[in-house]
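Working notes for the structure below.
Within every chain, numbering begins at 1; the chains are lettered A, B, ... in the order of the sequence lines, protein sequences first and strands thereafter.
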Amino acid sequence: PLQDEHIYQLTMGKAGFRHLPYPSDSERIRVHLPRKPCPTPSYYPQL
Amino acid sequence: IEDPPGLPEKTEYLLREWVNMYHSPAAGRDSTKAFSLFVQQMHQQGILKTDDLITRFFRLCTEMCVDLCYRALSEQAQTQNVAMTRNKCFPTLDAFVRLIMLLVKHSGDNSNTNTKINLLNKVLGIVAGVLLQDHEVRGEEFQQLPYHRIFIMLFIDLNGPEHVLEVINFQILTAFCNTYHVLRPTKAPAFMFAWLELISHRVFIGRMLSLTPQQRGWGMYAQLLIDLFKFLYPFLRNAELTQPIHFLYKGTLRVLLVLLHDFPEFLCDYHYAFCDVIPPNYIQMRNLILSAFPRNMRLPDPFTPNLKVDMLPEIQHAPRIPLNFANMITPNSFKIDLDSYLKTRSPVTFLSDLRISLQSKEPGSRYNIPLMNALVLYVGTQAITHIHTKGLTPSMSTIAHSSHMDIFQNLAVDLDTEGRYLFLTSIANQLRYPNSHTHYFSCTLLYLFAEANTEAIQEQITRVLLERLIVNRPHPWGLLITFIELIKNPQFKFMNHEFVHCAPEIEKLFESVVRSCV
Amino acid sequence: MVGDQFGMVGLMMFIKSDEMNPNFLTLAPGIDLTTLGLNLNSPENLYSTFQSPWVDIPCRPQDIDFHVPSEYLTNIYIREKLSPIKLNRYGEDLLFFLFYMNGGDRLQLAAATELYNRDWRYHKDERVWLTRPPGIEPAITTSTYERGTYYFFDVQNWRKVAKEFYLEYDKLETRPSPLPTKLHYNPNQ
């Protein structure tokens, strides 16, 4: 069975999961062409 | 001890000043002009007078940056405008980071690098301290944003092409690894997603595993992965995963795949330490690590008819294991008896006491798995040395009738099903790419199967091999050649065993392997 | 046979419980690791474009910070004075560049819309942009298809290539959807 500390870790992990980092959080601010992710048609090239 | 009166106000004024200077056109290249002006202001305000004031200044700045983020994040709860939050926070956070980088770069003179590194360790420690306190006080309201941004931008800034920083790069890496170890998921679980993002960032991996000479970053990076595996252990072992843990597990697999593809030698070197902290039932993740092999090695197809494993050139060479696993055999009295038994087959009670020695007092596990793993690898490596000193090479005949094999056969016979499963798992964890350990432990597993005095032993050997084969790829080369030998070699009469026919799908699976072998 | 979870029957039960209990992470057979978005056959290293453990696509080139001489960076003095981006003022070459370099981004949609306005059409099956050469009518035109010579934009060689083609109208993308106002900051969020 999970110990109390594991239950605490699960609870806090859930809190972290609600505020996931975004890829652009690891990149310098780009003034002119900031990322604006949005769903584009699947038949458009994604990569 | 409370801050001196007026210091918070002074700090807020200075931080605001710096942010404006950092973003002003007059800041100059890498903000150096702004910095030289700002340092004078810090002097005038007496901030740099004592170590204590500098410490308080950085803590107050960190807390102010954090507060700014929480205010912006609380507004985001209404607006849902995520970009807005980042646009509000990052200019201040990035300015604060640049100030830290410039202070580290310019503190002390260039010959005395200790001042620089001490300041960096201090600042990282302060940010980590604020994070841990925030984590504890806010609980589930904790947010990783400010800390993640500070750490990653500071790391990128300190790894720029600056000679002054290049000279102290290893100490910079060490400082960050220490900080990330302090903030490991078991200590700050609400920060764990940002934490894995930080340690898998392309610049961090590049520095730790590729650019740092003589692989000096490998041990520290391995420690961070062990921190991650230790966090996952209790949840993976129960296999009942919440969505966040499942998400973290998938993220971990992605990072391991990058390491398998780019740095297989790193996984080869530290496989032993990783297997100690990966739950036995997390087969695919363990297979991924055990499948790594040196890039300059070409693995013969395991299905090659009449493959002569013992003729492969690499099979004689011992794999690198930069870990003193012998030291993990405790207590010392047990190690002394073990060495004595290996040499002289005495004390004879050693074998009968073995099962007790391997029991664990840890809640939730009956056996001491790290001790089991260390014992198996230690006895196996001693056996290989022993065989080589006789001018022989490991084979089904040369490994037999030795004190080493006494121990393995005793464990196979004397342990209960759980203990035997863990023992056989320890052996199977050595079945990797062509090397002397893979060869010896492959022979050992086949020998234990051939010499088994009960079918249960043979069944459990089959179980340990099969559960590793039915998961998705990758599969370690040593596992495949062992299983193929077990099925193909008539000496083992494998297909005659009852457990091979225990269920139609199992029978079909074996037959498909037989067909691919034949 | 071994009666507990450490034998063959135990393994069978484990496999079956995986199937029955969705909460059980699929331990056997585990995850198909080729579906995690990493090109495991890539001759290049993966870490230098690794975007994040939570995202199954690598970094785009423009997402990776490289330390360049500060002279290369937009000078802080003129940063506020640069004219805003207006795609209707740019040549086709730049529009195609923005379209192919900004997968999954608002800019890709904007570039597609501008190309559409200039009578380029995106073929959803061929996944290529094409247009009628100016002044050349198709040899055959019906209500559902036409046949003739068209310019295709060849991404590999980065130029327009004339080609005979049997064009079915329903394979062409209609006007690209209007640009979203709400920004999904993070696709995987």
Side-chain angles (χ1 to χ4, degrees), chain A, chain B residues 73 76 82-83 85-87 89-91 93-94 135-136 138-149 151-153 155-157 185-198 200-204 231-235 237-238 240-248 251 363-364:
Chain A
L2 294 177
Q3 320 288 315
D4 291 349
E5 66 168 318
H6 302 141
I7 306 297
Y8 166 74
Q9 288 168 8
L10 271 187
T11 309
M12 293 300 277
K14 209 173 289 179
F17 184 61
R18 280 200 302 273
H19 312 303
L20 279 180
Y22 297 130
S24 47
D25 290 351
S26 302
E27 293 153 12
R28 291 205 188 294
I29 300 173
R30 278 215 306 277
V31 178
H32 297 293
L33 284 174
R35 272 175 191 259
K36 292 194 174 91
C38 75
T40 55
S42 58
Y43 44 75
Y44 278 5
Q46 298 300 323
L47 282 185
Chain B
L73 286 161
Q76 178 186 309
V82 171
T85 305
R86 265 79 180 156
N87 293 340
C89 300
F90 288 179
L93 292 171
D94 294 358
H135 188 274
E136 188 173 330
R138 289 184 193 264
E140 293 181 59
E141 297 315 309
F142 172 84
Q143 296 250 15
Q144 47 77 25
L145 178 77
Y147 308 100
H148 174 238
R149 184 71 180 184
F151 284 127
I152 190 59
M153 298 319 282
F155 186 80
I156 290 174
D157 256 11
T186 47
K187 295 299 176 200
F191 188 64
M192 69 186 177
F193 294 102
W195 185 89
L196 183 53
E197 181 117 353
L198 288 166
S200 65
H201 189 272
R202 51 192 172 272
V203 180
F204 190 74
F231 170 78
L232 281 167
Y233 194 99
F235 310 113
R237 188 187 55 185
N238 286 23
E240 282 273 346
L241 295 194
T242 60
Q243 196 193 358
I245 298 295
H246 187 186
F247 197 72
L248 180 68

Handout entry: Value rounded to 0.5 Å, distance of CE in A/M12 from OG1 in B/T186
Key = 13.0 Å

Completion exercise
Tightest non-hydrogen contact, residues A/R28 and B/I156, listed as NH2-CG2, 3.6 Å

Completion exercise
Closest non-hydrogen contact found for A/G13 with B/P244 is O-CB, 4.1 Å

Exercise for the section: Could you tell me how the ring of A/F17 sits relative to the ring of B/F247: parallel (under 30°), tilted (30 to 60°) or perpendicular (over 60°)? Expected result: perpendicular

Handout entry: Gap separating the CG atom of A/L2 from the CZ atom of B/R237, nearest 0.5 angstrom
Key = 7.5 Å

Completion exercise
d(A/R18 CZ, B/F193 CZ) to nearest 0.5 Å is 11.0 Å

Completion exercise
Residues passing the ring-ring contact (aromatic ring centres under 6.0 Å, His included) test with B/F231, sequence neighbours excluded, are B/F235

Practice task
Please name the pair of heavy atoms, one in B/E197 and one in A/S26, separated by the smallest distance, quoted to 0.1 Å.
Solution key: OE2-OG, 3.5 Å

Problem - For chain A, the option from B/M192, B/M153, B/R149, B/H201 that forms the most heavy-atom pairs under 4.5 Å - result: B/R149

Exercise for the section: Can you see which heavy atom on A/D25 is nearest to which on B/I152, and at what distance? Expected result: O-CG2, 3.8 Å

Problem - From CG (B/D94) to CD1 (A/I29), nearest 0.5 Å - result: 4.5 Å

Exercise for the section: Below 4.5 Å from any heavy atom of chain A, which atoms of B/E140 appear? Answer side chain, backbone, both or neither. Expected result: both

Problem - Greater than 12 external heavy atoms within 6.0 Å of B/E136's CD - result: no

Completion exercise
Nearest heavy-atom approach of B/F90 to A/S24 is CE1-O, 4.4 Å

Practice task
State which residues pass side chain to side chain contact (heavy atoms under 4.5 Å, CB included) with B/Q143; sequence neighbours excluded, sorted by chain then number.
Solution key: A/H19, B/Y70, B/L73

Handout entry: Region of A/Q3 in contact with chain B, defined by heavy-atom distances below 4.5 Å
Key = side chain

Fill in the blank from the handout: So, the part of B/R138 with a heavy atom under 4.5 Å from chain A: the answer is neither

